[in-house]
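In what follows, a single structure is set out as structure tokens and then discussed.
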Amino acid sequence: MAENEVSLDAFITTPATEPQQDNIAEVVNLEDEFAKLLNDFIGQDSKSGENKTNSAQATEPAGLDSFLTPSQNSAPVEQPVAFTGLDSFVTSAPTAQESNSSSLEGLITPSSVLNESQTETAVETKNGLKAEEQELARAIANFQDGIYSIADKKNLKVPDTDYTEELLRPNYKPSVGKKIAQYMLNCWDIINKADPENMKRLSKEATDEEYLAFAETLSDTDMQLAIISYVEILINLEICEVKYEQKKEIMQKNRIKKELYDEYMELQQRKQLFITKLKEKDFPIDADRLINNYFRVAQKDPDGSFEALTKNPAMFSPIEFDKIRPKFFGLIKVTPEDGIKANQKIGKFVKNLKV
């Protein structure tokens with residue numbers, strides 16, 4: 001518990017680190033694609049968010065949408081088949097640019113997603129305490145005033161406690177709540193000893209309303225202050241617990257978003273390395289289309305898609321015959337056999353490629 005509380009403090013008090021942007025410029029519509037991925041992952045509570053999610057599921061997911069949040073309504077991907085000659089050369093597949101042509105309305109950029117917690121946890125503070133912690137500190141101070149006055153009049157010893165207001169900074173923690181609860185329990189013995197006859201009238205199972213009604217019947221203002229403050233502490237402790245859980249949930253949600261984003265960026269970098277290596281060899285094929293289509297299918301069938309990539313890369317992007325150089329200074333024209341050889345050469349190169 002202590003380790004989780006420390007991590008939560010660091011999360012709320014330290015500005016979120018912006019993700020590295022060095023490689024984003026090299027990926028087409030990267031922010032939009034990642035934003036759609038996150039919208040699918042998180043799921044919007046509003047009706048408009050649900051409509052956008054349903055609309056996104058109606059079409060084939062673009063880029064890596066199917067990587068992290070595969071759509072249940074998307075059609076199953078056909079398994080790669082063995083090379084069947086020239087038919088595969090003319091097989092067309094949707095390009096990454098075509099699949100990214102959907103509307104950008106309502107999308108979230110990576111920077112706004114990763115900084116969402118700063119907006120959600122922004123609260124007016126006073127003396128380093130947020131509103132709920134201020135109310136709790138005030139109630140505890142009033143409770144202590146009443147207890148000290150009662151103990152002084154009745155010559156009773158006030159229990160020791162290691163609670164201080166500093167423990168509520170920068171945020172309330174459940175371990176601090178336990179200290180406060182134990183301190184109030186110890187101080188309750190002073191209240192019982194100070195006015196035992198009246199305290200017998202108070203049920204141990206009394207509700208907050210019954211505590212307050214009982215306090216109004218007392219003539220001792222210090223007893224009234226202690227009991228009323230006791231009820232206020234219980235209420236504010238519950239509020240602080242709820243706020244703590246909300247902040248913890250925000251931290252966990254943003255941690256997941258950050259992990260997804262980092263994983264996504266790592267995959268984009270790997271894709272770019274494959275593309276760069278292929279372009280360096282000047283193969284007669286669209287390297288971007290080949291790698292993007294392969295990685296999209298690989299999320300659902302890694303083994304089958306890799307076998308297809310190494311044996312028949314033209315399944316992911318057709319061979320471009322106009323890029324094959326004619327032999328003997330153009331005297332011998334390009335034939336289908338040249339395309340088959342290029343296809344096999346590309347597959348062999350990718351199979352031996354170490355990235």
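Heavy atoms only: backbone and side chains are in, while hydrogens, waters and symmetry mates are out. Predicted model, so just to flag it, every value in this text is computed and none were measured.
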Starting from V350, can I reach I285 by hopping between I/L/V/M/F/W/Y residues whose side chains sit under 4.5 Å apart?
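Yes, it is one cluster - the side chains of I285 and V350 are joined through contacts under 4.5 Å.
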
Can a salt bridge be assigned to the pair [X] and [Y] using a cut-off of 4.0 Å between side-chain N and carboxylate O?
X: K247; Y: E132; answer: yes
X: E133; Y: K243; answer: no
X: E197; Y: R201; answer: no
X: D288; Y: K279; answer: yes

Give, for atom [atom1] of [X] and atom [atom2] of [Y], the distance between the pair rounded to the nearest 0.5 Å.
X: S219; Y: N198; atom1: OG; atom2: CG; result: 7.5 Å
X: D195; Y: L202; atom1: CG; atom2: CG; result: 11.0 Å
X: L129; Y: L136; atom1: CG; atom2: CG; result: 9.0 Å
X: R296; Y: S305; atom1: CZ; atom2: OG; result: 11.5 Å

Apply the test side chain to side chain contact (heavy atoms under 4.5 Å, CB included) to residues N171 and Y244: give CA-CA distance (whole Å), side-chain angles for both, the deciding distance (0.1 Å), then the verdict.
CA-CA 8 Å; N171 304 284; Y244 176 86; 5.9 Å; no

Counting distance only, does the side-chain N/O of D222 pair as donor-acceptor with the main-chain N or O of S149 below 3.5 Å?
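No; zero donor-acceptor contacts below 3.5 Å.
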
Parallel, tilted or perpendicular: which fits the ring planes of F316 and Y294, with parallel below 30° and perpendicular above 60°?
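Answer is perpendicular, since the angle exceeds 60°.
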
Classify the ring geometry between F143 and Y183 as parallel (under 30°), tilted (30 to 60°) or perpendicular (over 60°).
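F143 vs Y183 ring planes: perpendicular.
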
Between M265 and Y261, is a side chain to side chain contact (heavy atoms under 4.5 Å, CB included) present by the stated rule, with each step listed?
CA-CA 6 Å; M265 288 302 301; Y261 183 80; 3.5 Å; yes

Whether the S203 and E205 side chains hold a donor-acceptor pair (N or O, under 3.5 Å, no angle test) is what I'd like checked.
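Per modelled atom types, S203 and E205 side chains form a pair under 3.5 Å.
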
Determine whether V242 and Q246 satisfy the following criterion, side chain to side chain contact (heavy atoms under 4.5 Å, CB included), listing intermediate values before the conclusion.
CA-CA 6 Å; V242 172; Q246 290 175 347; 3.8 Å; yes

Tell me, with the steps shown, if I180 and T161 meet side chain to side chain contact (heavy atoms under 4.5 Å, CB included).
CA-CA 9 Å; I180 296 171; T161 178; over 6 Å; no

